[in-house]
Amino acid sequence: MGAECRYELAQAAYIKLALHALKYPATAVNGLLVGRLVEPSSSPAVVSVIDAVPLSHHPHHLPLLPTLELALTLVEDHFATQGEGLAVVGYYHANPRCDDTDLPPVAKRVGDHIFRYFPRSAVLLVDNKKLEEAVKGKSRDPVVQLYTRDSSKSWRQAGSDGSSQLVLKEPSTNVVLADHVTTKKWEKIVDFDDHLDDISK
């Protein structure tokens with residue numbers, strides 16, 4: 001499905017997932033991507049990723065399906081009330097180690113779960129080395145790698161054929177990210193784990 005699809009990542013979603021990874025650099029973090037299918041009949045179809053919802057920074061929470069189901073339900077219900085046709089369209093994940101660029105099995109499992117509801121779902125893997133460069137203002141390249149599900153039901157990294165299936169909607173996004181890092185905006189990121197620990201968050 002992913003081969004005929006282009007993913008546009010809004011600045012708000014991109015910065016939120018990057019700040020989530022920066023807030024908890026020593027642990028794996030993950031979250032949901034929220035958006036909509038904008039041009040289903042065009043070729044390629046366009047999925048617009050509007051927002052990211054940080055889920056977890058505790059490794060033992062990652063594979064738990066009940067926690068994921070609860071989070072999915074809450075997120076879907078929240079965005080459904082906004083009447084803009086938004087839904088969960090994917091998942092993001094950041095590995096704890098800087099040199100780990102493999103998509104872990106848990107990310108594939110969550111991606112498979114979302115795929116059942118949204119067949120053009122995407123999984124974004126944060127590239128920690130690229131994130132480091134972007135934060136220093138040395139790169140304008142996206143700090144995430146796009147994975148889509150192929151016909152054999154495997155998650156494959158997109159773009160190896162030179163196609164640009166993932167685009168940042170605003171070209172200056174990494175400049176804004178670097179500015180947010182300077183002002184320590186990651187301190188304001190609250191994920192689902194934080195909420196479960198303290199429901200006032």
Side-chain angles (χ1 to χ4, degrees), residues 1-10 13-14 16-18 20-21 24 27-40 43-69 71-73 75-76 86-131 141-168 191-192:
M1 280 287 189
E4 325 117 29
C5 209
R6 189 162 61 96
Y7 298 85
E8 292 181 348
L9 192 52
Y14 179 83
K16 201 182 287 185
L17 69 86
H20 190 208
Y24 301 105
T27 62
V29 302
N30 65 38
L32 300 174
L33 302 172
V34 176
R36 68 172 75 84
L37 188 58
V38 182
E39 298 172 32
S43 182
V46 177
V47 174
S48 180
V49 180
I50 308 290
D51 204 353
V53 180
L55 278 187
S56 175
H57 63 272
H58 290 312
H60 56 276
H61 285 186
L62 295 180
L64 294 180
L65 195 57
T67 307
L68 175 66
E69 285 285 1
L72 278 168
T73 303
V75 170
E76 290 278 6
L86 296 174
V88 173
V89 297
Y91 171 83
Y92 72 85
H93 186 93
N95 290 318
R97 288 195 345 262
C98 200
D99 60 343
D100 188 355
T101 56
D102 292 332
L103 191 66
V106 66
K108 295 173 185 176
R109 284 199 307 271
V110 176
D112 289 342
H113 190 73
I114 295 169
F115 184 87
R116 292 194 310 219
Y117 303 98
F118 188 76
R120 295 184 185 273
S121 60
V123 173
L124 298 180
L125 179 66
V126 176
D127 184 319
N128 290 314
K129 286 185 179 174
K130 284 186 179 177
L131 180 57
D141 294 334
V143 302
V144 288
Q145 300 165 353
L146 171 67
Y147 286 80
T148 54
R149 216 165 92 140
D150 63 19
S151 54
S152 67
K153 299 183 179 177
S154 299
W155 290 93
R156 302 258 182 249
Q157 186 175 347
S160 54
D161 59 354
S163 66
S164 181
Q165 286 179 254
L166 177 72
V167 293
L168 299 179
D191 62 20
F192 197 59

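Being a predicted model, the structure only gives us computed values, none of them experimental.
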**Q.** Derivation of the side-chain contact (heavy atoms from CB on, under 4.5 Å) call for Y7 and L146
**A.** CA-CA 9 Å; Y7 298 85; L146 171 67; 3.6 Å; yes
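Of all non-hydrogen atoms in A107 and V123, the two that sit nearest each other are O-CG2, 4.1 Å. Between V88 and F118, the shortest heavy-atom contact is O-CB, 3.8 Å. Smallest separation of non-hydrogen atoms from C5 and R120: SG-CD, 3.8 Å. Closest non-hydrogen pair, T148 versus A158, comes out as OG1-CB, 4.5 Å. Closest approach of L33 to A122, counting heavy atoms only: CD1-O, 4.3 Å. Between A52 and A13 the shortest heavy-atom distance is CB-O, 3.6 Å.
D127 places no side-chain N or O within 3.5 Å of a backbone atom of Q145 that could act as its donor or acceptor partner. In this structure a side-chain-to-backbone donor-acceptor pair under 3.5 Å is present from N128 to N95.
Between S121 and W155 the shortest side-chain heavy-atom distance falls below 4.5 Å. Annotation: side chain of V110 is not in contact with side chain of N30 (no heavy-atom distance under 4.5 Å).
The distance from atom CG of L86 to atom CD1 of I50, rounded to the nearest 0.5 Å, is 6.0 Å. One finds the CG atom of L32 at 11.5 Å from the CG atom of L17 (value rounded to the nearest 0.5 Å). Interatomic distance, OH of Y92 versus NE2 of H20, reported as 4.5 Å (0.5 Å rounding). Atoms CG and OH, from D51 and Y14 in turn, are 16.0 Å apart once rounded to the nearest 0.5 Å. A distance of 9.0 Å separates CG in D112 from NZ in K153, rounded to the nearest 0.5 Å. One distance of note links CZ of R149 with CD1 of I114; it measures 11.5 Å at 0.5 Å rounding.
Side-chain N/O atoms of H113 and Y91 include no donor and acceptor closer than 3.5 Å.
V47 pairs in a side-chain contact (heavy atoms from CB on, under 4.5 Å) with only one of the listed residues (L9, V89, V38), which is V89.
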